[in-house]
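Working notes, beginning with the structure itself.
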Number of protein chains: 2
Amino acid sequence: MDVTIYEVAQRAGVSIATVSRALRGTGPVAARTREKVLKAVEELNFTPSHLGVSLAEGRHAANGIVFPDLAGPYYTEVLLGYEEVASELGRSVVILSTKGRSRVNDLVKDLAGRVDGMLIFGHTVPEPLVAELVLLRMRLVFISRDPLTGADTLRSENRASAGALAEHLAGHGYERFAFLGAPMASQDDVDERWQGVRAVLGGAIEAVDTRHYTVECGFEAARGLLKGRRRPEAIICSDDEVALGALLAAEELGLSVPGDLAVTGWDDIMAARHARPALTTVRQPMRELGARAARALDELITGARHLPRHQSLPTELVIRSSCGHHPETSPNPDRRAGDPFRPR
Amino acid sequence: MDVTIYEVAQRAGVSIATVSRALRGTGPVAARTREKVLKAVEELNFTPSHLGVSLAEGRHAANGIVFPDLAGPYYTEVLLGYEEVASELGRSVVILSTKGRSRVNDLVKDLAGRVDGMLIFGHTVPEPLVAELVLLRMRLVFISRDPLTGADTLRSENRASAGALAEHLAGHGYERFAFLGAPMASQDDVDERWQGVRAVLGGAIEAVDTRHYTVECGFEAARGLLKGRRRPEAIICSDDEVALGALLAAEELGLSVPGDLAVTGWDDIMAARHARPALTTVRQPMRELGARAARALDELITGARHLPRHQSLPTELVIRSSCGHHPETSPNPDRRAGDPFRPR
DNA sequence: TTGTAAGCGTTATCAA
DNA sequence: TTGATAACGCTTACAA
């Protein structure tokens, strides 16, 4: 803005120290004096400079967030939950996308110089830099990453849900499965899903790499798979976007889903509900993940808590029609209670 | 971070002024001296404090963005384009969502204290506050809003595209139309779309208010409309989410789309392509809008440009199957060239 | 070519 | 109850 504490002080006929005290309620101020100050503040439309305050207080009142891309709804939802709670706690949110960026290190360091703590997705920040940040006492919360020391981690449950999904599919009588996902080393979450389905299906399932978690890559990989001999009866996808790609591939090859092939996703993004057949998937509490991250960060920053914590949130299996018919449950699984307008 | 310019100066055996000069290349520094400084910087892993720099320079090197919500893909895409270019230009992005917030004014003012300029969607910021921001010389760019003085505006073309869409539908032979959208006063863009279709269809189209631009509201409004007597043959929706709701309503009522009813959306979000029938819609260059906003802001902030500018970007009509069959064009309009994997 | 010192806008300590 | 004044970490005249 423009008007400084000096002008307020002058107008109120007091010192800047008094103005500061009056405004933040630290230290004693005579009632009459406070009034004068408030009046001057009002008249001048004074707002303390963030820079000044931060410099003096040694904190930014801002949180960072680092994500690979915002393309899918997953990151967006987390971001929304994060921003909402951060804002409630009086902290701004500075974002950083790493997608297609060279010099990620510099960008992250720059961000670190603007915030008191940050939320980082998975492995978007190189390990050595993470260590450096921990050393610099930057408060960190990771989402979708295996626990590490010196930082909080937050995730939703994967293994058990994946197992439940696999069992559901096995219950349909399928016997040949495929798992579609990007190189699992890059995403701890996806690796857990793979472990979960594998534990149930054993040798009946094979993993296929898509390069990325996108509709395009899902399409390519599924097409290759479906053209081969010994085509799988069910494709379990690492996320909804890959699954949407698989659906398109099946359509192109004239295969009916779920008649000839079952397909499942993960996340329950908006398009999952509107695809036809509607996608069977696993719903993650994305907004809640973001909200908790903001709260966790606040605790670490304010010093309300010092020890790192590792949380895991429950997920929900969402059965729709892409995995096969469910005669005894309901004639049309896509219209089950709560769908399509269940509150979030 | 932690280490200051003083420690670097001491280690290098020079003054802080020299360190500053050496680092930013302002003013002369002897080659040997520069080396010493760089070495010290390296050893101490020094990064200048943003607060210090900003305070001294009188600028934040940060941009703000104010949006109502990030729920749909529209804002997300714009945000991505914005962040990408801002980052290229060396500016961070601070976000603010106004959805469900009381005290929006305070939040926006706070944001204004952290950035050099901001991108604002439509009418998310109350008019008096906008005026105040202009007065405070905050650089502003609006997206999806009628031009105003003292700020840039940026939008994609609406009227002509809406007209083209209406003509296409009329070409199918439909005669009774409905337009589904929220109160048009709240969204200049949507109002223009309404004007555009209306200019072509005249009395053959009636407007119906949904309360918000959501799947839920689209569903409710469409259901009401379709249950009434004199049901429309085609529903033109203000955006894709409303259209998805309309699709669900038709499904619930046992109406086939496009057989019994045509439906169109706007934006071409991901779900539009995957819905069945796939949505005929109008594609906005959302990322490009964001990118241009960032560039415009940069020009205003650096002083490369002083006069406000008002840009309008072209859109693209995307014909899919929800608006009716297109025998002569292609047997399956959903598979036309470029779909589903046209590059962005 | 380098150093001294005055800002930049606050907060907070210490005297008064 | 108030007011000087020293931080906070940097940039940049101005002098040397």
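Lettering follows sequence order; numbering is per chain, from 1. Any value given below was found using the heavy atoms of this structure, including those in side chains, with hydrogens, waters and symmetry copies removed.
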In whole Å, what is the span from the [atom1] atom of [X] to the [atom2] atom of [N]?
X        : N     : atom1 : atom2 : answer
B/Leu51  : D/dA7 : CG    : P     : 19 Å
A/Glu7   : C/dG9 : CD    : P     : 9 Å
B/Glu35  : C/dT1 : CD    : C1'   : 16 Å
A/Glu57  : D/dA7 : CD    : C1'   : 14 Å
A/Arg59  : C/dG9 : CZ    : P     : 19 Å
B/Ile16  : D/dG9 : CD1   : P     : 12 Å
A/Leu23  : C/dG9 : CG    : P     : 16 Å
B/Arg114 : C/dG9 : CZ    : P     : 17 Å

Scan [X] against the nucleic acid and name what it touches under 4.0 Å (heavy atoms): base, sugar-phosphate only, or nothing.
X       : answer
B/Ala17 : base
A/Thr33 : sugar-phosphate
B/Pro48 : sugar-phosphate

Earlier contact from the 5' end, DNA chain C, for A/Val19 and B/Val14: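 Nearest nucleotide further toward 5': that of B/Val14.
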
Would you mind telling me which residue lines up with the more 5' stretch of DNA chain C, A/Arg21 or A/Ile5, judged by nearest nucleotide? A/Ile5

Minimum-distance nucleotide to [X] side chain [options: [options]]:
X       : options               : value
A/Ser20 : C/dT1, D/dC10, C/dT11 : C/dT11
B/Ser15 : D/dG9, C/dT4, C/dT11  : C/dT4
A/Val53 : C/dT10, D/dC10, D/dT2 : C/dT10
A/Ala56 : D/dC10, D/dT2, C/dG9  : C/dG9
A/Arg24 : D/dG3, C/dA12, D/dC10 : C/dA12
A/Ser49 : C/dG9, D/dG3, C/dT4   : C/dG9

With side chains defined as the heavy atoms from C-beta onward, is the minimum distance between A/Val130 and A/Phe142 less than 4.5 Å? yes

Could you say whether B/Phe46 or A/Arg34 is positioned toward the 5' end of DNA chain D, judged by the nucleotide with the nearest heavy atom to each? A/Arg34

Hey, are A/Lys39 and A/Glu43 close enough for a salt bridge, meaning a charged N less than 4.0 Å from a carboxylate O? yes

Between A/Arg309 and A/Glu299, does at least one N-O distance fall below 4.0 Å, as a salt bridge requires? yes

From CG (A/Leu55) to NE2 (A/His60), nearest 0.5 Å: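 Here the interatomic distance stands at 9.5 Å.
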
Looking at CZ of A/Arg305 and CG of A/Asp298, how far apart are the two atoms once the value is rounded to the nearest 0.5 Å? 10.5 Å

